[in-house]
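One structure is given here, and the rest of the page talks about it.
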Amino acid sequence: QEQLLESGGGSVQAGGSLRLSCAASGFTDSPGYLAWFRQAPGNEREGVAAIYTPRDIRYYSDSVKGRFTISQNNAKNTVFLQMENLQPEDAAMYYCAARSSQTFSGNLLHRNVYEFWGQGTQVIVSS
């Protein structure tokens, strides 16, 4: 059974950093796409970063570009999100998502692209 397990959330002051991890297990092959989404109370789930695992191609939302970095391990079954210069507006529940297929054409930061989701890890940023 496919599972995604996030870790690394926590509480930081504005300007601080956090690194999130997401371990994928139970997949027959490495997921073709892994992504990070976030959702703050009252807001829709927003895609912030995605990675095409076979070729390590990375995508970012405008809101995090230049501050967040998505990466993967050599086995292509763990994805990381390094978050720098965190601001109060970055506070949210962060979710890892996976798409098993290695083919896709469209917006990789849309939630409907992904079949599998983790339970989330909380990020709190105080001003």
Side-chain angles (χ1 to χ4, degrees):
Q1 183 177 359
E2 298 87 351
Q3 288 189 319
L4 299 171
L5 182 62
E6 302 103 332
S7 61
S11 180
V12 296
Q13 291 191 327
S17 303
L18 281 174
R19 187 186 196 217
L20 306 183
S21 300
C22 171
S25 61
F27 291 81
T28 303
D29 298 303
S30 297
Y33 297 87
L34 290 166
W36 287 98
F37 285 73
R38 67 186 182 188
Q39 188 168 18
N43 290 357
E44 292 190 358
R45 193 166 295 191
E46 170 195 17
V48 298
I51 187 166
Y52 176 49
T53 63
R55 296 180 61 189
D56 200 33
I57 300 174
R58 308 173 188 189
Y59 307 84
Y60 298 96
S61 68
D62 288 342
S63 60
V64 306
K65 197 174 296 182
R67 299 188 299 123
F68 291 12
T69 303
I70 190 170
S71 61
Q72 61 179 333
N73 67 346
N74 289 337
K76 303 184 190 305
N77 59 9
T78 300
V79 64
F80 307 98
L81 187 69
Q82 179 67 41
M83 305 184 293
E84 305 286 348
N85 191 23
L86 283 160
Q87 300 300 316
E89 54 265 32
D90 296 314
M93 185 72 80
Y94 281 71
Y95 297 92
C96 178
R99 177 180 175 86
S100 56
S101 170
Q102 295 190 6
T103 59
F104 179 75
S105 177
N107 180 6
L108 276 172
L109 297 181
H110 195 286
R111 62 182 298 175
N112 288 346
V113 171
Y114 299 90
E115 311 143 79
F116 305 100
W117 293 85
Q119 294 299 305
T121 185
Q122 187 75 47
V123 172
I124 299 168
V125 185
S126 57
S127 57

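Just so you know, these numbers come straight off a predicted model, no measurement behind them.
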Check: Arg38 and Ser63 side chains under 4.5 Å, non-hydrogen atoms: yes

Spacing of NZ belonging to Lys76 relative to CD1 belonging to Ile51, to within rounding of 0.5 Å: 8.0 Å

Minimum side-chain heavy-atom gap Arg58-Thr69 below 4.5 Å: yes

Run the salt-bridge test on Arg67 and Glu84 with the 4.0 Å N-O cut-off and return the result as yes or no. no

Say you draw a straight line from CD of Gln72 to CG of Asn74; how long is it, rounded to the nearest 0.5 Å? 8.5 Å

Inter-residue atom distance Cys96.SG - Leu5.CG, 0.5 Å rounding: 9.0 Å

Apply side-chain contact (heavy atoms from CB on, under 4.5 Å) to Ala50 and list each qualifying residue two or more places apart in sequence or on a separate chain. Ala35, Tyr59, Leu108, Leu109, Tyr114

With heavy-atom distances below 4.5 Å as the criterion, would you say the side chains of Arg45 and Trp117 are in contact? yes

Is there a donor-acceptor contact under 3.5 Å from the side chain of Glu115 to the main chain of Ser100? yes

Quick one, Phe68 with Asp90, criterion side-chain contact (heavy atoms from CB on, under 4.5 Å). Give me CA distance, side-chain angles, the key distance, then yes/no. CA-CA 11 Å; Phe68 291 12; Asp90 296 314; 4.0 Å; yes

Minimal heavy-atom distance between Ala91 and Val125, with the atoms involved, is CB-N, 3.9 Å

How many angstroms lie between atom CE of Met93 and atom OG1 of Thr121, to the nearest 0.5 angstrom? 7.5 Å

Shortest non-hydrogen pair, Ala14 vs Gln87, comes out as CB-OE1, 4.3 Å

Establish whether Ile124 and Tyr95 are linked, either directly or via other cluster members, by ILVMFWY side-chain heavy-atom contacts under 4.5 Å. no

Verify the cluster assignment for Leu20 and Val48: are they in a single hydrophobic cluster under the rule of side-chain heavy atoms below 4.5 Å apart? yes

Report yes or no: do Ser71 and Gln82 form a side-chain donor-acceptor pair below 3.5 Å? no

CD/Gln102: more than 12 non-hydrogen atoms of other groups inside 6.0 Å: yes

Which heavy atom of Val123 sits nearest to which heavy atom of Leu18, and what is that distance? CG1-CD1, 3.9 Å

Distance-minimising heavy-atom pair for Phe27 and Ala98: CZ-CB, 3.9 Å

Contact summary for Ile70 and Leu34, nearest pair of heavy atoms: CD1-O, 4.0 Å

Hphob cluster co-occupancy, Val113 + Leu81, side-chain heavy atoms under 4.5 angstrom: no

Distance (rounded to the nearest 0.5 Å) between Glu46 CD and Gln39 CD: 10.0 Å

What's the spacing between His110 NE2 and Phe37 CZ if we round to 0.5 Å? 8.5 Å

Is it true that Tyr60 and Tyr52 fall in one hydrophobic cluster, defined by side-chain heavy atoms closer than 4.5 Å? no

Check Phe80 against Asn73 and note the closest heavy-atom contact, atom names and distance. CE1-N, 3.8 Å

